[in-house]
Amino acid sequence: MTVTNRSPHQRTRHKTARSDPEETVETVDEDDVDPNEVVRTADGELIHEPTGLILEDDQIDRGPEWRAFTQSERDSKSRVGAPTTQTMHDKGLTTTIGWQNTDAGGRSLPSEKRNKMRRLRTWQERIRTKDAGERNLQFALSEIDRMASALGIPRPTREVASVIYRQALSEDLIRGRSIEGISTAVLYVACRQEDIPRSLKEVTNVSRVEHKEIARTYRYISQKLELEMQPVDPKQYVPRFCSELDVSEAVQIKAKEIIDVSAEQGLLSGKSPTGFAAAAIYSASLLCDEKQTQSAVGDVAQVTTVTIRNRYQEQIEAMELHES
DNA sequence: AAATTAGGTTACGCGAC
DNA sequence: GTCGCCAAACCTAATTT
């Protein structure tokens, strides 16, 4: 066996040094090498540690075969780039087999060949639709993941979302609807079921689909999959909104109390949970002497100051009633 | 900043067609 | 299935306090 021999400091040099014409080559007997001193480097070379002998070169160069010195040069020489668009599910990359039983020249085929072509068509169709479904799912899941990240939604909830999506897929509820729409709606459902509430508006902000369609799709799938959704408890929004507003713990506790008391008196029915929570926080900030402006609270809760006003007066009243 | 007011949009349930 | 209608909640925008 022949190996190339180089000094250790040369080994650490860049790969291009290896093609140095002045490098010395000599033969070494294999028995001289102690296996315990042999290491494999990140480059894939097998090296005898004490002497720096290279026992085995990496046979495959995984790097690019070109060199570039500037970013623009790298861009222009690189042959990999952004993935092809996912929105067109197969981007014309699949094979379709024509229905005619003729060859390329237009002559009709003998019956034996016709049967073969029929079988091929069948299989091609099976394969194509199967992996179109897979791709569909893959895209949906990556979309769910993207939105979930943007909203700071924890893993388990994303898992729930993907389970629901698979259900919708198997019930054939996707047909005729956009994948993005379903993905968004499913994520929204998962949040509510897991008590990690995000308002429909918040979800809409990170989605590529408009509010109206998400709402419609949401109703559709929750009905079809018979998911019984109970109304969101406004208290669930309180900690998140409060931390965004940077108010004290006392306000948070007070806000929850206000929600409990006023809900007990039937003020909640029919009102939006975010608006209700926002008003409670505003009221609490007044009662705790840590006043926040209506518009500040409205911003984090994504409701208007008008809505806060309409709610908080009733709530204050309810509190006074409660205390007497 | 908060309150008031006016006008428009949306979603929902219901019955009629 | 969808059309028309309804009442309630919410929004935007303008104006006043």
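Order of the sequence lines fixes the chain letters, A, B, ..., with proteins taken first and strands second; residue numbering starts at 1 for each chain.
- With rounding to whole Å, A:Glu210 atom CD is found 15 Å from B:dT9 atom P.
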Walk me through whether A:Glu257 and A:Met319 qualify under side-chain contact (heavy atoms from CB on, under 4.5 Å). CA-CA 9 Å; A:Glu257 187 190 334; A:Met319 287 302 283; 3.8 Å; yes
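- Side-chain heavy atoms closer than 4.5 Å link hydrophobic residues (I, L, V, M, F, W, Y) into clusters, and following such links, possibly through other members, connects A:Tyr188 to A:Leu227.
- Contact check, A:Tyr312 against B:dA3: a side-chain N or O comes under 4.0 Å of OP1 or OP2.
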Show each protein N/O and nucleotides 12-15 of chain B N/O combination with a separation under 3.5 Å, one pair to a line.
unit_1	atom_1	unit_2	atom_2	d
B:dC12	OP2	A:Arg219	NE	3.0
B:dC12	OP2	A:Arg219	NH1	2.6

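- DNA chain C lies under 4.0 Å from at least one heavy atom of each of the following residues of residues 263-274 of chain A: A:Gly270, A:Lys271, A:Ser272.
- Environment of CD in A:Gln138: sparse, with no more than 12 heavy atoms of neighbouring residues, nucleotides or ligands closer than 6.0 Å.
- A:Leu187 is not listed as a side-chain neighbour of A:Arg198, based on a closest heavy-atom distance of 4.5 Å or more.
- A:Arg309 places its CZ atom 11 Å from the P atom of B:dA1, with the value rounded to the nearest Å.
- Following rounding to the nearest Å, A:Leu200 (CG) and B:dT10 (C1') show an atom-to-atom distance of 12 Å.
- Nearest nucleotide to the side chain of A:Thr304, out of C:dT12, C:dC10, B:dA2: C:dT12.
- Salt bridge annotation for A:Lys271-A:Glu314: absent, with no cationic side-chain nitrogen under 4.0 angstrom from a carboxylate oxygen.
- Both A:Lys291 and A:Asn310 lie near DNA chain B, and the one whose nearest nucleotide falls closer to the 5' end is A:Lys291.
- Atom NE2 of A:His211 is separated from atom C1' of B:dT10 by 9 Å (rounded to the nearest Å).
- Between A:Ser262 and A:Leu268 the shortest side-chain heavy-atom distance does not fall below 4.5 Å.
- Note: CG (A:Asp299) to P (B:dA2) measures 12 Å, nearest angstrom.
- Here C:dA9 presents its P atom at 9 Å from CD of A:Glu314, a figure rounded to the nearest Å.
- Among the nucleotides B:dA2, B:dA3, B:dA11, the one closest to the side chain of A:Lys212 is B:dA11.
- Residue order along DNA chain B, read from the 5' end via each residue's closest nucleotide, puts A:Ser295 first among A:Ser295 and A:Val306.
- Side-chain proximity of A:Arg311 to B:dA1, C:dA9, B:dA3: nearest is C:dA9.
- Around NE2 of A:His322, the count of heavy atoms belonging to other residues, nucleotides or ligands within 6.0 Å does not exceed 12.
- The distance from atom NZ of A:Lys201 to atom P of B:dA11 is 12 Å, rounded to the nearest whole Å.
- Both A:Phe139 and A:Ile214 are assigned to one and the same hydrophobic cluster, defined by single-linkage of ILVMFWY side chains at heavy-atom distances under 4.5 Å.
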Evaluation steps, side-chain contact (heavy atoms from CB on, under 4.5 Å), between A:Tyr220 and A:Arg177: CA-CA 11 Å; A:Tyr220 179 74; A:Arg177 262 162 269 267; 3.1 Å; yes
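- At B:dA1, none of the side-chain N or O atoms of A:Gln292 fall inside 4.0 Å of OP1 or OP2 (strictly under the cut-off).
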